[in-house]
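Report on one structure; see the data block that follows.
This one's a predicted model, so the numbers in the text were calculated from it and none came from an experiment.
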Amino acid sequence: MWGTFVVDAYGDAEREQIAEALETLCSPKDDYGFASGGVYCFWSLKTRLPLYIGRAVDLPDRFRQHNGLKGKPGRNNKCAEVDAFFADEQVLGYSVLVRSTLSQTGTSRRRAAPQLPARKVVDWVEEPDTIETETEYEIAAAEGTAIRSHWLEHGELPAWNKVHGETTRWNKSMRQHDSTGDLFCAKVDSLLQARRTLRELADDPLSTEFELELHGARIWAAAATMMANHQLDDHSILEVLDDLPRRGGGFFLDAMRDNRYLLLGPWVASAMPGTLAQQQRETWTARRPMPPSPPPPPLRLPGEMP
């Protein structure tokens, strides 16, 4: 999976807070933070399972639709499910898998911002036959991979999903589930997840800069492990972080170490990092050699690699 997982959880009265945090970090109206298009997940803190996995080219706008903050309930709108959930539960998990602003999708709200480059007008994407650009296809493929991973593990779709996502050679050839669901639901603590929650990042520009630095490392590491046909781990990301200066980045590495940023974690995570992952983060922060990871099992047979 590409990108950065940003997790949070909110109460019934906090819907607008999440919408505003998304608007700060993922707005199509500016190029601060991350692109507005991505994959999102509503999930249960009790079960640590996805309730709904979806995609949108305008994450803030789509969140408002799902939460009754904009317009009337429409096709694929989960407002009824969200309202029913809050009738029984106090806190609902919500996470996004975001991309760089270099992968910004065209939306009507971006076109309305005159100071930004004109883009093709496309509303949020929910059905495969509405995919009109390569970036939208990549978002749809990531959504389809996340849904398929859940299906491989549990033998059924997430509770609020009605159909499988976009089928690609990559997700069709998956032989076992990956960690996508656990990452969305903060069931594990991984450096693929932002070290701060969605709302914390929206209020903390320095942490957002750290996450943009980490985002680049996640992308490079994901590409390498994808070609090597195994899951991504913390060690892979940390190795790329150290290599960022050679790639023209790494401006915040010293500050990240001084702030012990990688030793933090989102409050909604249900588990501490594993012993080896914690040691790797600690030694990286202290500028010492990191202990290696054991060889991970392959996700696909060699002949099934795209």
Side-chain angles (χ1 to χ4, degrees), residues 1-10 18 21-22 25-26 34-56 59-60 62-63 66-67 76 78 81-82 85 89 91-99 126 138-166 170-171 174 176-201 211 214-215 218-219 222 231-234 237 265-273 277 299:
M1 297 291 288
W2 44 253
T4 293
F5 291 82
V6 188
V7 302
D8 211 325
Y10 66 104
I18 298 293
L22 286 168
L25 288 176
C26 310
F34 299 97
S36 68
V39 181
Y40 59 91
C41 178
F42 291 98
W43 51 278
S44 166
L45 269 72
K46 283 188 175 180
T47 65
R48 295 286 166 171
L49 291 175
L51 296 169
Y52 182 73
I53 297 171
R55 67 181 186 271
L59 289 166
R62 195 57 175 148
F63 180 86
H66 283 319
N67 282 268
N76 295 312
K78 301 303 172 185
E81 285 85 350
V82 171
F85 182 91
E89 304 285 347
V91 182
L92 174 61
Y94 178 78
S95 302
V96 290
L97 175 59
V98 292
R99 297 161 60 92
E126 289 289 344
E138 291 173 0
I139 294 172
E143 178 210 36
T145 300
I147 294 174
R148 178 161 175 78
S149 176
H150 181 92
W151 183 82
L152 285 172
E153 183 174 10
H154 301 284
E156 60 184 4
L157 295 173
W160 300 351
N161 281 90
K162 297 179 181 179
V163 297
H164 288 268
E166 180 76 2
W170 176 253
N171 58 46
M174 292 174 67
Q176 60 180 334
H177 66 89
D178 60 18
S179 57
T180 304
D182 292 344
L183 292 166
F184 268 133
C185 301
K187 189 176 180 179
V188 297
D189 185 315
S190 164
L191 292 185
L192 283 167
Q193 299 157 322
R195 302 292 81 204
R196 291 283 193 262
T197 64
L198 180 64
R199 281 174 286 182
E200 288 171 339
L201 287 180
E211 289 302 333
L214 278 162
H215 183 81
R218 291 166 181 136
I219 295 298
Q231 290 190 24
L232 188 62
D233 65 3
D234 283 2
I237 295 171
W267 68 266
V268 291
S270 65
M272 297 294 290
L299 289 176

Answer whether the closest heavy-atom distance between the side chains of [X] and [Y] falls below 4.5 Å.
X: V6; Y: V98; result: yes
X: L51; Y: P158; result: no
X: Y40; Y: R62; result: yes

Quick check: closest heavy atoms across [X] and [Y], and the distance to 0.1 Å?
X: F34; Y: H215; answer: CE2-ND1, 3.8 Å
X: Q193; Y: D182; answer: NE2-O, 4.1 Å
X: P50; Y: G181; answer: CG-CA, 4.3 Å

Note to self: I need the single residue from W43, F63, F184 that forms a ring-ring contact (aromatic ring centres under 6.0 Å, His included) with Y94. Which is it?
What the structure shows: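 The passing option is F63.
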Before you tell me yes or no, could you show the steps for L92 and F42 under side-chain contact (heavy atoms from CB on, under 4.5 Å), namely the whole-Å CA-CA distance, both residues' side-chain angles and the distance that decides it to 0.1 Å? CA-CA 7 Å; L92 174 61; F42 291 98; 3.7 Å; yes
Exercise for review: Show your working on side-chain contact (heavy atoms from CB on, under 4.5 Å) between V39 and I139 and close with a plain yes or no.
Suggested key: CA-CA 7 Å; V39 181; I139 294 172; 4.3 Å; yes
Without swapping roles, check the side chain of [X] against the backbone of [Y] for a donor-acceptor pair under 3.5 Å.
X: E153; Y: H150; result: no
X: N161; Y: I147; result: no
X: S44; Y: T47; result: yes

Next item on the list: Using side-chain hydrogen bond (donor to acceptor under 3.5 Å, both in side chains) as the criterion, list what pairs up with E211, not counting sequence neighbours.
Entry: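 E211: side-chain hydrogen bond (donor to acceptor under 3.5 Å, both in side chains) contacts with R218, Y261.
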Worksheet entry | D8: side-chain hydrogen bond (donor to acceptor under 3.5 Å, both in side chains) partners, not counting sequence neighbours |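 By the side-chain hydrogen bond (donor to acceptor under 3.5 Å, both in side chains) rule, D8 matches R199.
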For the [atom1] atom of [X] and the [atom2] atom of [Y], what is their distance to the nearest 0.5 Å?
X: L59; Y: I18; atom1: CG; atom2: CD1; result: 12.5 Å
X: I53; Y: S95; atom1: CD1; atom2: OG; result: 10.5 Å
X: R48; Y: K187; atom1: CZ; atom2: NZ; result: 9.5 Å
X: D234; Y: L191; atom1: CG; atom2: CG; result: 3.5 Å
X: L183; Y: L97; atom1: CG; atom2: CG; result: 9.0 Å
X: L192; Y: L232; atom1: CG; atom2: CG; result: 4.5 Å

Start with the C-alpha gap between W267 and V7, add the side-chain angles, then the distance that decides, and say whether side-chain contact (heavy atoms from CB on, under 4.5 Å) holds. CA-CA 9 Å; W267 68 266; V7 302; over 6 Å; no
| message | If you apply the rule salt bridge (Lys or Arg N to Asp or Glu O under 4.0 Å), what do you find for E200 with R195, and how did you get there? | response | CA-CA 9 Å; E200 288 171 339; R195 302 292 81 204; over 6 Å; no
Next item on the list: For Y52 and H66, test the side chains for any donor-to-acceptor distance below 3.5 angstrom and give the result as yes or no.
Entry: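 No, no side-chain donor-acceptor pair sits under 3.5 Å.
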side-chain contact (heavy atoms from CB on, under 4.5 Å) assessment of L22 paired with V96: CA-CA 9 Å; L22 286 168; V96 290; 4.0 Å; yes
